[in-house]
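Note sheet for the following structure.
Order of the sequence lines sets the chain letters (A, B, ...), proteins ahead of strands, with each chain counted from 1.
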Protein chains: 2
Amino acid sequence: MPEAPTAGTRREEVLHIAAQLFAEKGFKNTTVRDIADAAGILSGSLYHHFDSKESMVDELLVRFQTELFDRYDEILASDLDPRAKIEAAVRLSFETIDQRGPEVAIFQNDAAYLSSFDRFGYLEDRNRQSRQIWMTLLSQGVDSGALRKDLDIELVYRFIRDTVWVAVRWYRPGGKSSHHDVANQYLNILLEGITHG
Amino acid sequence: MPEAPTAGTRREEVLHIAAQLFAEKGFKNTTVRDIADAAGILSGSLYHHFDSKESMVDELLVRFQTELFDRYDEILASDLDPRAKIEAAVRLSFETIDQRGPEVAIFQNDAAYLSSFDRFGYLEDRNRQSRQIWMTLLSQGVDSGALRKDLDIELVYRFIRDTVWVAVRWYRPGGKSSHHDVANQYLNILLEGITHG
DNA sequence: GTCTATACCCGGATAGAC
DNA sequence: GTCTATCCGGGTATAGAC
């Protein structure tokens, strides 16, 4: 019985270490020697597992986005009402930051730079897809009467997108606030505002 | 009559070009040859004006932060009421993105990495100062009754900080929405929420 | 203030032994 | 799966002429 390719192999271990370093120092600032050192091997040995540093980050991003967008699709296809779908999408983001912090950080910090290479063209596609999802959710929110009609939903989309994902810069799993706490506080601010009704 | 050191000298021109490149591609991804090319000179000639690539970004960041924090201090010292001070601080951020986009982008994208060098230790100090300013503004907002008392103002601070500055990623001066428009929409969401009162 | 020429180092990657 | 050894390119920076 053959192992699943993503089991706890050495290769996966190394990839996990690389993810942490990329997230911490940035893709360009992380050398293959950094990765090898952290994995306790020599830099040349990395090339037994991967054919380049780029292909490491590529694999991390593709996997991550596939999973994430599958979950967005589930929310879109669910029978939740429009407001609940928006809440679910926000909660999903904070949960993802909690569970896939390195990948989120890499995406936030390095996607713009990586997008300039052909190989990473799919990052742009995913951005468009994300915008599409959120604009759908927000339009349905307005149409259903759940959201105010006087807002520029394009701007609302940008604010939500930016605010939920940049939290990866300060959120720490196991810290004082759980991802549920953070999501609740954020939704509270977003939906009700910080002043008295 | 001696010229002001920051007048339209060649040195200033070069620094301006460097700022744009750092903002666009990141500090590490910008080579001194890129800067020299864009300035129409050879890389060696840059060292007539600056003693290293690091000192270029250093000069940009120090100047920028000095100006910015002077303006925050003016707001703090003003006789505006607490809510108006918060609004003024938010408006200042969007105005700064409009007028000093490259510096804001460099700070957003590269400060974390640069902070790890002794030379850039002041970046951490400025972060602490910024937190102090915002926590003061928000506390006064709560105490005066302008803001809801049930919020975690530490989280509110982080959300405001992240959302206003991250807008540098998509805001374009001269575009469809002016920085005034963006500030108004943002304050509207922040203060009132996106649902019906 | 800019050029020519070049030193020097570091990063990514390869070949082949073990 | 890892090591030894090494190549090559590109990046920062310097020295001195013009």
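With distances taken from any side-chain atom of B:Lys53 to the nucleotides C:dC3, D:dT12, C:dA13, the minimum falls on D:dT12. You'll find that the side chain of A:His49 is closest to D:dG1, out of D:dC3, C:dT14, D:dG1. Side-chain proximity of A:Ser52 to C:dA13, D:dT2, C:dT2: nearest is C:dA13. Here the side chain of A:Ile41 is nearest to one of D:dC3, D:dG1, C:dT14, namely D:dC3. Side-chain proximity of B:Ser45 to C:dA13, C:dG1, C:dC3: nearest is C:dC3. Ranking D:dA13, C:dG12, C:dG1 by closeness to the B:Arg10 side chain, first place goes to C:dG1. Closest contact between the side chain of B:Thr31 and the listed nucleotides C:dA13, C:dT2, D:dG11 involves D:dG11.
The CD1-P distance, from B:Ile35 to D:dG11, rounds to 12 Å in whole Å. For A:Asp34 and C:dA13, the CG to P distance is 14 Å, given to the nearest whole Å. One interatomic measurement links the two molecules: CG of B:Leu21 to C1' of D:dT12, which rounds to 16 Å at whole-angstrom precision. B:Asp51 has its CG atom 16 Å from the C1' atom of D:dA15, to the nearest Å. Spacing between atom CG of A:Asn29 and atom P of C:dC10 amounts to 15 Å, rounded to whole angstrom units. The interatomic distance linking A:Phe27 (CZ) with C:dG11 (P) rounds to 14 Å, in whole Å. Here D:dT14 presents its C1' atom at 18 Å from CZ of B:Phe50, a figure rounded to the nearest Å. Here C:dG1 presents its P atom at 12 Å from CD of B:Glu12, a figure rounded to the nearest Å.
Residue B:Arg33 places a side-chain atom within donor-acceptor reach of the base of D:dG11, judged by atom type and a 3.5 Å distance cut-off alone.
In terms of phosphate contacts, A:Tyr47 brings no side-chain nitrogen or oxygen within less than 4.0 Å of OP1 or OP2 of C:dT14. Side-chain nitrogen and oxygen atoms of B:His48 include at least one within less than 4.0 Å of the OP1 or OP2 phosphate oxygen of C:dG1.
Of the possible donor and acceptor atoms, none in the side chain of B:Asn184 sits under 3.5 Å from a partner among the backbone N and O of B:Asp181.
The pair A:Arg83-A:Asp81 does not meet the salt-bridge criterion, since no charged nitrogen lies less than 4.0 angstrom from a carboxylate oxygen.
A:Arg63 places a side-chain heavy atom less than 4.5 Å from the side chain of A:Leu15.
Cation-pi geometry between A:Lys28 and A:Tyr113 is not met: the NZ or CZ atom fails to fall both under 6.0 Å from the ring centre and inside 45° of the normal.
Within the model, atoms CD1 of B:Ile35 and CD1 of B:Ile17 stand 9.5 Å from one another, a figure rounded to the nearest 0.5 Å.
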